[in-house]
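To keep things clear, I will list the structure first and then write my remarks on it.
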Amino acid sequence: MPHLDFSQPPFDVLSLAERQSIRKNTQIRYLAKNESLPAEELQCLYVVIKGQIEQSLDGDFVASYVGSNHADGLNNNDWFDSRRLPESLPKDNQLEHESTSIQPYQFRASEETLLLQVAGDAIDKISAQNHLVRQMLSDKLPERLKALRQRRHNKTLDPASYTNQQEVQQIMLQPVIDVHLLPVHIVDADDSLYEAARIMTKAGLKHVLVRPLHSLEGLNEVNSLNGSDSSQTAQYETGLLLGILTDTDICRAVSDKQDPATTLCQRYANFNLRTIKASDEIGDALLTMTRYRIHRLPVIDKSGDVVGVLGQSDMLAHIGNHSQLISIQIEQAQDLSSLDTAVELIGRYIRAQHHNGVKIGNISRMVQTLNAQVFTKLWQLIVPDEVMANTCLIVMGSEGRGEQIMRTDQDNALIIRDGYTHPDLAQFADTFNSHLATLGYPLCDGNIMMTNPMWRQPLEQFTAQIGLWFRNSDPMHGIYLSAILDAEYVCGDESLLTQVRQYLKLAHQQADPMFVRQFARAALQFGDVNQWWQKFVPLLGGKSASSDIDLKKAGIFPLVHGIRTLALENNVLDVPSTKARLKSLVQVDAMTQERADTLLEALEFFMAQRLSVALSTDDKHARQVDPTTLTALERDLLKECLAVVKSFKNQLRQHYQLEIA
């Protein structure tokens with residue numbers, strides 16, 4: 001009699017007692033060809049031992065689950081929880097849908113099939129006491145994806161050591177408040193540098209926060225009413241009003257031959273202070289410090305008060321992350337050779353972070369920051385300062401969105417200040433793109449690079465070109481517009497990109513109201529999910545030569561472009577990343593938080609699969625994944641994420657009243 005394989009998920013995390021319990025509640029179930037599971041048996045978990053089960057919803061093919069007789073390459077038998085309900089289609093804000101009850105999936109044997117049927121109540125009982133099983137069988141896609149990330153860190157998962165592994169893997173997701181924070185000490189802007197130095201020395205700190213002059217009068221009024229002293233109001237200060245003074249600033253004053261006893265803090269303090277919320281993730285803090293090359297971040301609570309200062313050394317000690325060392329290597333590079341060494345370190349960083357189970361979104365955003373520093377350093381090595389001051393270097397596409405992990409291709413442009421010219425700009429652009437190619441960033445096949453004059457223009461001509469893209473129905477113009485919508489600043493005069501984004505809003509407002517509807521069509525141009533999984537179904541006589549799934553066409557592009565389109569419709573044009581767009585769409589009530597979370601998790605799953613392919617094969621484009629090389633858990637999640645894509649495409653189709661199948 002066939003039996004459960006306790007070396008495979010979701011059963012490999014069971015204790016001995018749990019294995020005995022589940023054995024008692026497992027039986028063989030035979031289905032003849034074209035026979036379906038009756039409604040009363042849709043309360044169990046099934047493992048396909050032999051044969052094939054087709055899952056459908058209202059007659060539409062959803063997925064296929066196969067036994068080991070169909071392909072020798074399968075790691076283990078497919079399994080499915082028949083109790084899992086379909087995701088309901090989110091209601092569109094502009095469309096009214098009648099409320100209908102969610103219909104269950106149907107499961108039919110496409111040939112004679114042998115199943116192991118595990119009673120649902122037995123699964124529920126084990127799930128209640130074993131959070132690992134509960135996570136893998138959760139109705140929530142983010143929970144199951146979390147289980148996959150945790151398993152990737154250690155393929156032979158030991159439940160006894162799981163807690164420690166989980167802690168390591170999730171550390172970048174912890175709130176910054178979990179890190180040891182430096183105490184808050186505040187001086188007034190009209191205090192002397194000597195007083196600030198005295199407070200630093202007494203507290204053992206290298207900084208103090210500074211209350212600006214314009215806030216002192218109002219603060220004194222409050223203090224007089226409350227009978228309190230201004231030096232004791234640190235916990236009531238809003239971080240948005242404060243500046244910072246460091247020991248380096250005081251040293252600068254001394255080198256300027258200023259008298260610390262009479263020189264005011266106002267003169268040397270920095271009031272362009274970056275802060276972070278107490279609820280923000282440690283990964284966000286690391287990105288901010290790395291991107292802006294700062295060492296301290298005041299932490300703000302829900303009330304807007306400063307609850308502490310996050311120091312770089314404390315944070316790095318907490319997470320043991322080495323991205324800052326790569327940043328230093330980039331900063332110190334003096335030539336192409338030394339920059340190449342830093343780029344190689346980025347590749348090692350990606351591999352290590354992925355191996356440790358860090359969320360792909362955290363990896364990609366850090367890689368975006370490090371890549372931007374590489375591009376900035378290279379541009380600095382090529383152009384004189386005057387070119388840097390009068391131009392703005394931007395990246396676009398997945399690099400601009402912070403979603404490119406592998407070095408696939410370049411998408412960059414140069415915005416030039418109106419009226420500024422330099423005879424060697426074209427040569428600078430050619431040198432930049434060719435050097436990036438030497439560093440391992442391939443040239444763009446679509447020629448969306450600054451070597452192309454179309455992507456190296458003065459601001460006025462750049463915006464005029466954007467206006468043309470909104471007015472013309474040429475498909476290439478939609479591609480160009482998608483690129484500029486994803487633009488992110490790298491170096492130079494950032495105000496030039498800001499003006500481009502402002503013009504994007506204006507051009508969109510002046511465009512034909514039907515433009516967004518046509519723009520959305522691209523998200524539906526590739527085959528539906530059904531076609532992808534029908535390609536996967538093994539044919540009699542062996543595996544189909546075309547069973548690979550194109551992760552970009554089937555998953556990444558429909559999600560990215562669909563979300564980009566919704567952002568354009570709702571004038572969310574100041575953020576290029578898919579994550580930030582989803583956040584903004586939730587804020588304008590164009591999408592629920594749960595829906596946004598699910599779409600982001602599905603996108604990051606596809607990104608993680610591409611990275612896995614790139615790291616394990618010679619395919620550096622890593623678009624194709626062979627489902628037969630995946631574990632049953634990974635295949636289950638791939639099917640679920642493709643189902644999310646199908647649901648999202650249906651949502652777009654209804655919202656924009658499109659007829660593309």
Quiz item: Going by distance alone, is a donor N or O of one side chain under 3.5 Å from an acceptor N or O of the other, for Gln106 and Ser36?
Solution: no

Quiz prompt | Lys/Arg-Asp/Glu bridge criterion (N-O < 4.0 Å) met for Asp486, Arg581 | solution = yes

Quiz prompt | Pair Arg144-Phe605, side chain to side chain contact (heavy atoms under 4.5 Å, CB included): steps then yes or no | solution = CA-CA 11 Å; Arg144 301 206 302 282; Phe605 172 81; over 6 Å; no

Quiz prompt | Option among Gln368, Glu399, Arg401, Met396 that satisfies the side-chain contact (heavy atoms from CB on, under 4.5 Å) test with Glu488 | solution = Gln368

Quiz item: Going through the distances and angles, do Glu403 and Ile556 end up as a side chain to side chain contact (heavy atoms under 4.5 Å, CB included)?
Solution: CA-CA 10 Å; Glu403 295 160 13; Ile556 294 175; 5.8 Å; no

Self-check item: Pair Thr592-Val586, side chain to side chain contact (heavy atoms under 4.5 Å, CB included): steps then yes or no
Solution: CA-CA 6 Å; Thr592 66; Val586 171; over 6 Å; no

Self-check item: Heavy-atom check, side chain of Val133 versus side chain of Phe11, under 4.5 Å
Solution: no

Quiz prompt | Non-hydrogen atoms of Ser82 and Cys44 that approach each other most closely | solution = OG-O, 2.7 Å

Self-check item: Any donor-acceptor pair under 3.5 Å from Arg635 side chain to Leu630 backbone
Solution: yes

Self-check item: Pairs flagged by ring pair (Phe, Tyr, Trp, His ring centres under 6.0 Å) wherever residues 23-43 is involved - sequence neighbours left out
Solution: none

Exercise. Under the side chain to side chain donor-acceptor pair (under 3.5 Å) rule, collect the residues that match up with Lys140, sequence neighbours excluded.
Key: Glu594

Quiz item: Okay, side chain of Asn570, backbone of Leu566: is any donor-acceptor separation there less than 3.5 Å?
Solution: yes

Quiz prompt | From CA spacing to verdict: ring-ring contact (aromatic ring centres under 6.0 Å, His included), Phe519, His561 | solution = CA-CA 9 Å; Phe519 190 66; His561 189 69; 4.6 Å; yes

Exercise. For the pair Phe80 and Phe107, evaluate ring-ring contact (aromatic ring centres under 6.0 Å, His included) and give the outcome as yes or no after the intermediate values.
Key: CA-CA 10 Å; Phe80 61 92; Phe107 298 90; 4.7 Å; yes

Quiz item: So among Gln52, Glu54, Glu35, which one has a side chain to side chain donor-acceptor pair (under 3.5 Å) with Arg108?
Solution: Glu54

Quiz item: Is the backbone of Lys359 close enough, under 3.5 Å, to the side chain of Asn362 for a donor and an acceptor to pair up by distance?
Solution: no

Quiz prompt | Sidechain-backbone polar pair: Glu41 side chain, Pro38 backbone, donor-acceptor under 3.5 Å | solution = no

Exercise. Begin with the C-alpha distance, continue with both residues' side-chain angles, and end with the deciding distance and a verdict on side chain to side chain contact (heavy atoms under 4.5 Å, CB included) for Ile126 and Ile22.
Key: CA-CA 8 Å; Ile126 292 174; Ile22 209 167; 4.1 Å; yes

Quiz prompt | Carboxylate-amine/guanidinium proximity below 4.0 Å for Asp81 and Arg83 | solution = yes

Quiz item: Counting only N and O atoms by type, is there a donor-acceptor contact under 3.5 Å from the side chain of Trp79 to the main-chain atoms of Pro9?
Solution: yes

Quiz item: Going by heavy atoms in the side chains, are Ser127 and Ile123 under 4.5 Å from each other?
Solution: yes

Practice problem: Check whether any side-chain heavy atom of Leu637 sits under 4.5 Å from a side-chain heavy atom of Leu141, and report yes or no. | Solution: yes

Exercise. Might you work through the side chain to side chain donor-acceptor pair (under 3.5 Å) test for Gln103 and Asp58, ending with a clear yes or no?
Key: CA-CA 8 Å; Gln103 299 297 317; Asp58 295 330; over 6 Å; no

Quiz prompt | Non-hydrogen side-chain atoms of Leu582 and Ile563 separated by less than 4.5 Å | solution = yes

Exercise. Report the C-alpha distance between Gln593 and Asp597 in whole Å, list the side-chain angles of each, state the deciding distance to 0.1 Å, and finish with yes or no for side chain to side chain donor-acceptor pair (under 3.5 Å).
Key: CA-CA 6 Å; Gln593 185 65 60; Asp597 290 343; 2.9 Å; yes

Quiz item: Would you say the side-chain atoms of Ser584 pair up with the backbone N or O of Ala580, donor to acceptor, closer than 3.5 Å?
Solution: yes

Quiz item: Would you say Thr598 and Glu601 make side-chain contact, with heavy atoms under 4.5 Å?
Solution: no

Exercise. Keeping the roles fixed (side chain from Lys639, backbone from Ser64), state whether a donor-acceptor pair exists under 3.5 Å.
Key: yes

Exercise. State the CZ-CD distance between Phe61 and Gln55, to the nearest 0.5 angstrom.
Key: 8.5 Å

Practice problem: Would you mind reporting whether Asp512 and Gln518 have side-chain heavy atoms less than 4.5 Å apart? | Solution: no

Quiz item: Mind checking whether Arg23 and Phe6 have side chains closer than 4.5 Å, heavy atoms only?
Solution: yes

Self-check item: Sub-4.5 Å side-chain heavy-atom contact between Val299 and Val179
Solution: no

